[in-house]
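Since the structure comes first, as structure tokens, the remarks are kept for the end.
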Amino acid sequence: MRIKRLNIAFALVPLLAAFSATAADIEGNWARGDGKAKVVIAPCGQNMCATNTWIKPGTPKEKTGDRLIMTIKESGAGSYSGTAFDPQRDKSYKLTVTVAGNSMTTKGCIVAGLLCKGIDWTRID
């Protein structure tokens, strides 16, 4: 019985590792496609946070240290959906995120999903 449990546990390890790798795809350092911002995405409590680590001088309404709090769940391989809250502007957004290798696209929507904006990102070291 004990050996059978160990065999089952060892059989599950690759599945758990694959799930962890997929869930962590969004984590890391990212550069915005327009070259005006860099963020780090990491867990913060039960959510994920995108924190500005660098803002191009002269970029209005953004500063280093600003944080976006994302309440998201994986909705498919490399896809996440949920909401984002911007405490600096006191605004909430419907959010979808798609990660493919070193590329990420975020899409935030307001007004019941009628007004949306997408941003491309590239993973950086």
Side-chain angles (χ1 to χ4, degrees):
M1 187 67 152
R2 186 182 215 170
I3 293 174
K4 191 181 273 188
R5 283 188 204 150
L6 284 174
N7 286 339
I8 291 170
F10 284 124
L12 291 176
V13 168
L15 294 174
L16 293 173
F19 176 77
S20 281
T22 301
D25 281 349
I26 195 170
E27 292 182 45
N29 295 296
W30 297 90
R32 196 163 68 193
D34 64 5
K36 294 184 178 180
K38 294 179 183 177
V39 301
V40 62
I41 298 178
C44 57
Q46 295 179 344
N47 300 307
M48 296 295 287
C49 286
T51 305
N52 290 344
T53 57
W54 176 85
I55 297 296
K56 184 176 181 176
T59 303
K61 300 182 183 179
E62 293 189 66
K63 63 181 181 187
T64 301
D66 282 355
R67 178 178 280 190
L68 186 70
I69 302 165
M70 302 178 290
T71 305
I72 56 175
K73 292 187 179 180
E74 191 169 12
S75 55
S79 297
Y80 305 82
S81 61
T83 59
F85 176 66
D86 182 345
Q88 292 76 223
R89 292 164 192 81
D90 194 28
K91 291 189 180 197
S92 292
Y93 307 89
K94 182 178 176 185
L95 179 69
T96 58
V97 179
T98 305
V99 179
N102 289 328
S103 298
M104 175 173 70
T105 300
T106 58
K107 182 179 175 185
C109 300
I110 58 172
V111 189
L114 297 176
L115 298 174
C116 301
K117 181 178 181 181
I119 299 175
D120 293 323
W121 301 82
T122 302
R123 189 181 302 274
I124 55 176
D125 294 326

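In this structure, I119 is a member of the same hydrophobic cluster as V97, with clusters built from ILVMFWY side-chain heavy atoms closer than 4.5 Å. No chain of hydrophobic side-chain contacts below 4.5 Å, direct or via other Ile, Leu, Val, Met, Phe, Trp or Tyr residues, connects V40 to M70.
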- Item | side chain to side chain contact (heavy atoms under 4.5 Å, CB included) evaluation trace for Y80 with T96 | CA-CA 6 Å; Y80 305 82; T96 58; over 6 Å; no
- What's the verdict on side chain to side chain contact (heavy atoms under 4.5 Å, CB included) for K107 and T98, showing C-alpha distance, side-chain angles and the deciding distance? CA-CA 9 Å; K107 182 179 175 185; T98 305; over 6 Å; no
- Test log, rule side chain to side chain contact (heavy atoms under 4.5 Å, CB included), inputs N52 and E62: CA-CA 8 Å; N52 290 344; E62 293 189 66; 3.9 Å; yes
- Task: Starting from the C-alpha separation in whole Å, work towards a yes-or-no answer on salt bridge (charged side-chain N to carboxylate O under 4.0 Å, His left out) for E27 and R123.
- Result: CA-CA 10 Å; E27 292 182 45; R123 189 181 302 274; over 6 Å; no
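Summarising the geometry, atom CD1 belonging to I26 is positioned 9.0 Å from atom OG1 belonging to T106; distances are rounded to the nearest 0.5 Å. Between atom SG of residue C109 and atom NZ of residue K117 there is a gap of 12.5 Å, rounded to the nearest 0.5 Å. Expressed to the nearest 0.5 Å, how far CH2 of W30 lies from NZ of K38 amounts to 14.5 Å. With rounding to the nearest 0.5 Å, the separation of CD1 in I69 from OG1 in T71 is 8.0 Å. The distance from atom CE of M48 to atom CG of L95, rounded to the nearest 0.5 Å, is 11.5 Å. In this structure, D66 CG and C49 SG are separated by 12.0 Å, a value rounded to the nearest 0.5 Å.
Checked by atom type and distance alone, the side chain of D90 never pairs as donor or acceptor with a backbone atom of P87 at under 3.5 Å. Here the side chain of Q88 pairs a donor or acceptor atom with the backbone of R67 at under 3.5 angstrom.
Heavy-atom minimum distance, A50 versus I41: CB-CG1, 4.0 Å. Closest approach of A31 and I124 over heavy atoms only: CB-CG2, 3.9 Å.
Side-chain contact between N47 and F85 is absent, with no heavy atoms from C-beta onward closer than 4.5 Å. Side-chain atoms of L115 and Y93, non-hydrogen and from C-beta on, never get closer than 4.5 Å to each other. For the pair K56 and R32, the minimum side-chain heavy-atom distance is 4.5 Å or more. A heavy-atom distance below 4.5 Å is not found between the side chains of D25 and E74.
At a cut-off of 3.5 Å, with distance as the only test, a side-chain donor of D120 or T105 sits close to an acceptor on the other residue.
Checked for salt-bridge contact, K36 and D34 miss the test: no charged N lies under 4.0 Å from a carboxylate O.
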